[in-house]
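Worth knowing before you read on, the calculation uses all heavy atoms, side chains too, and leaves out hydrogens, waters and symmetry mates. Fair warning: this is a prediction, and the values are worked out from it, not measured in the lab.
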Amino acid sequence: MTKHKLFKLGAAAALTVTGVSAITSLKTARAANFTAIKRVKINYLPGKGLNIWTNYNKGKFMGYRAKDGTIWNVAETAVDKKGNLWYKVGTREWIEARYTVDVGMDTPASTNAKTKKSTAKNGVNNVISLGTVTKKSTKKSKATKAKAAKVKKAKQIVDVAVKKTSKKSTTKKVASTQAPSKAGAIVALAKQQVGKPYAWGANGPDSFDCSSLVQYIFKNAAGMNLPRTTYDQVKVGQTIYQKSQANGQPVSANNLQVGDLLFWGSESSPYHVAIYIGNNQYVNAATPEQGTILQTMTSYFAPTIVKRVL
């Protein structure tokens with residue numbers, strides 16, 4: 001049984017762990033007695049988990065994550081050297097606050113976790129929350145090769161997208177404020193980053209998180225100095241689309257231009273950003289498992305805000 005006490009709410013103990021070819025097992029986490037100062041809900045990427053760290057300053061990834069949508073008690077808050085807010089959710093478990101939203105203290109816990117009774121040495125039954133976790137595989141597997149194949153395929157897709165973008169550029173109107181040469185350079189440089197790993201807090205050029213990828217590409221391809229974080233990047237440029245003002249309708253590709261910034265989340269608390277490269281596609285540093293990839297926009301995971309900076 002793990003020694004770390006997690007301040008979570010019963011069913012909110014669902015955790016995920018990295019591992020492409022992994023063996024699934026159940027890892028127990030005993031709830032600790034403490035007075036919560038607030039309660040938060042994980043607001044990360046759908047179906048993905050938020051990394052849990054050993055500390056808010058230069059901490060290490062603990063090997064498991066807080067599942068998106070689960071509710072957690074917060075015992076303490078802290079600000080790291082970069083000015084980012086963190087929440088302590090265990091004896092030494094920390095999560096980044098920007099990927100959470102506050103909920104009321106009376107908000108009920110999630111109902112998708114399992115519980116199991118464990119008999120202690122003294123014969124007393126203790127209720128222990130269980131979260132599904134996967135152990136990292138120490139051996140290379142077919143899944144690893146499959147991931148490499150996906151990266152290669154993604155690069156090929158980007159090549160095709162760039163060619164299509166250049167062909168259609170003569171038939172689409174481009175706003176007078178946008179420099180075509182800059183847009184082309186942004187697409188080309190974005191293409192070169194596909195396949196590179198995701199690392200939270202990384203600034204490139206070998207690895208990125210979502211906002212550092214945007215900052216790196218615009219600086220090196222267009223000579224533009226954009227802010228470092230999504231919180232500040234969403235404040236730059238002209239607002240082209242905002243879901244809250246569009247009756248919930250997703251943005252149309254006809255209204256987008258190459259180089260537009262796509263955001264997910266609210267304008268006051270965005271949690272992800274990507275670069276639109278044309279043909280209903282975008283490049284982004286997605287997750288630690290996916291790395292930097294090219295994706296097609298869907299109604300299921302459509303951006304909530306679009307900003308034009310070119």
Side-chain angles (χ1 to χ4, degrees), residues 37-46 48-53 55-59 61 65-66 68-69 72 74 76-89 94-103 186 190 193 198-204 207-220 222 224-246 251 256 259-276 282-288 290 292 295 301-310:
I37 61 174
K38 65 186 302 182
R39 187 169 293 173
V40 297
K41 181 179 179 180
I42 304 300
N43 186 28
Y44 198 48
L45 298 176
K48 301 297 180 181
L50 178 62
N51 287 359
I52 296 180
W53 303 83
N55 203 324
Y56 63 91
N57 263 326
K58 297 182 179 180
F61 175 46
R65 300 183 173 88
D68 180 56
W72 294 68
V74 176
E76 183 181 336
T77 64
V79 176
D80 63 22
K81 294 179 180 179
K82 295 182 180 180
N84 298 312
L85 179 63
W86 291 73
Y87 293 147
K88 187 176 185 181
V89 295
W94 293 82
I95 59 175
E96 192 178 0
R98 65 172 171 165
Y99 296 119
T100 69
V101 292
D102 293 347
V103 296
I186 286 172
Q193 310 316 308
Y198 175 103
W200 181 85
N203 293 308
S207 59
F208 301 93
D209 60 23
C210 65
S211 56
S212 69
L213 176 68
V214 169
Q215 184 187 52
Y216 175 84
I217 289 175
F218 274 81
K219 180 178 181 180
N220 290 278
M224 298 174 61
N225 294 315
L226 296 183
R228 171 61 178 82
T229 67
T230 54
Y231 284 88
D232 293 325
Q233 289 173 356
V234 77
K235 300 174 184 177
V236 177
Q238 176 188 2
T239 301
I240 301 302
Y241 166 83
Q242 196 163 354
K243 185 177 180 180
S244 61
Q245 298 178 4
V251 64
L256 298 177
D260 283 349
L261 299 184
L262 312 179
F263 293 90
W264 284 259
S266 66
E267 191 164 15
S268 61
S269 184
Y271 61 84
H272 191 58
V273 63
I275 301 173
Y276 184 70
Y282 58 89
V283 171
N284 68 134
T287 65
Q290 295 173 298
T292 301
Q295 291 180 280
F301 189 57
T304 54
I305 300 170
V306 177
K307 287 295 189 106
R308 184 159 297 158
V309 296
L310 290 180

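- Side-chain N/O atoms of Trp86 and Asp80 include a donor and acceptor closer than 3.5 Å.
- Closest of all the heavy-atom pairs between Tyr282 and Ala274 is CD1-CB, 3.4 Å.
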Quick one: do Lys307 and Val236 satisfy side chain to side chain contact (heavy atoms under 4.5 Å, CB included)? Show the steps, please.
CA-CA 7 Å; Lys307 287 295 189 106; Val236 177; over 6 Å; no
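- In this structure, Ile52 and Trp72 approach most closely via the heavy-atom pair CD1-CH2, 4.1 Å.
- When all heavy atoms of Thr230 and Cys210 are compared, the closest pair comes out as CG2-SG, 3.9 Å.
- In this model, no donor atom of one side chain and acceptor atom of the other lie less than 3.5 Å apart for Lys88 and Tyr56.
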Please determine whether side chain to side chain contact (heavy atoms under 4.5 Å, CB included) holds for the pair Asn43 and Thr100, giving the CA-CA distance in whole Å, both sets of side-chain angles, and the decisive distance to 0.1 Å.
CA-CA 5 Å; Asn43 186 28; Thr100 69; 5.7 Å; no
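- Nearest heavy-atom pair, Thr304 versus Tyr241, reported as atom, atom and distance to 0.1 Å: O-CE2, 3.6 Å.
- At least one side-chain heavy atom of Thr77 sits under 4.5 Å from a side-chain heavy atom of Tyr87.
- A distance-only check finds a donor-acceptor pair linking the side chain of Gln233 to the backbone of Pro227 [under 3.5 Å].
- The structure places CD of Gln290 at 5.5 Å from CD of Gln295, a figure rounded to the nearest 0.5 Å.
- Proximity of Asp102 to Arg39: side-chain heavy atoms (C-beta onward) are nowhere separated by under 4.5 Å.
- No side-chain donor from either of Gln242 and Thr239 sits under 3.5 Å from a side-chain acceptor of the other.
- Glu96 and Trp53 share no side-chain donor-acceptor pair at under 3.5 Å.
- Here the CG-CG distance, from Asp68 to Leu50, works out to 9.0 Å after rounding to the nearest 0.5 Å.
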I'd like to know whether Ile42 forms a side chain to side chain contact (heavy atoms under 4.5 Å, CB included) with Ile95, so could you lay out the CA-CA distance, the side-chain angles of the two residues, the decisive distance to 0.1 Å, and finally the verdict.
CA-CA 9 Å; Ile42 304 300; Ile95 59 175; 3.8 Å; yes
Which is it for Asn220 and Phe218 under the side chain to side chain contact (heavy atoms under 4.5 Å, CB included) test, yes or no, and what are the steps along the way?
CA-CA 6 Å; Asn220 290 278; Phe218 274 81; over 6 Å; no
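- When all heavy atoms of Leu213 and Ala285 are compared, the pair lying nearest together is CD2-N, 3.5 Å.
- Across every non-hydrogen atom of Val283 and Ala190, the tightest pair is CG1-O, 3.9 Å.
- Side-chain contact between Tyr271 and Leu45 is present, with at least one heavy-atom pair separated by less than 4.5 Å.
- Residues Leu261 and Val214 meet the side-chain proximity criterion, which asks for heavy atoms closer than 4.5 Å.
- Within the 4.5 Å cutoff, no side-chain heavy atoms of Leu262 are placed close to those of Ile275.
- By the 6.0 Å contact criterion, NZ on Lys243 is open, its count of non-hydrogen atoms from other residues, nucleotides or ligands being 12 or less.
- Atom CG of Asp260 sits about 7.5 Å away from atom CG of Leu310, to the nearest 0.5 Å.
- For the pair Ser212 (side chain) and Asp209 (backbone), a donor-acceptor distance under 3.5 Å is present.
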Test side chain to side chain donor-acceptor pair (under 3.5 Å) on Glu76 and Trp94 and set out the steps.
CA-CA 9 Å; Glu76 183 181 336; Trp94 293 82; over 6 Å; no
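- Ring centroid separation for the pair Trp264 and Phe301 comes in under the 6.0 Å cut-off.
- Considering CG of Leu226 and CD of Gln215, their distance stands at 7.5 Å, rounded to 0.5 Å.
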Could you give me the CA-CA distance, side-chain angles and deciding distance for Arg98 and Ser269, then say whether side chain to side chain donor-acceptor pair (under 3.5 Å) is met?
CA-CA 7 Å; Arg98 65 172 171 165; Ser269 184; over 6 Å; no
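- Separation of atoms CD (Glu267) and OG (Ser244) is listed at 8.0 Å; rounding is to 0.5 Å.
- Considering CZ of Phe208 and CG of Asn203, their distance stands at 9.0 Å, rounded to 0.5 Å.
- Under the 6.0 Å cut-off for aromatic ring centres, Tyr99 and Tyr44 qualify, their centroids lying closer than that.
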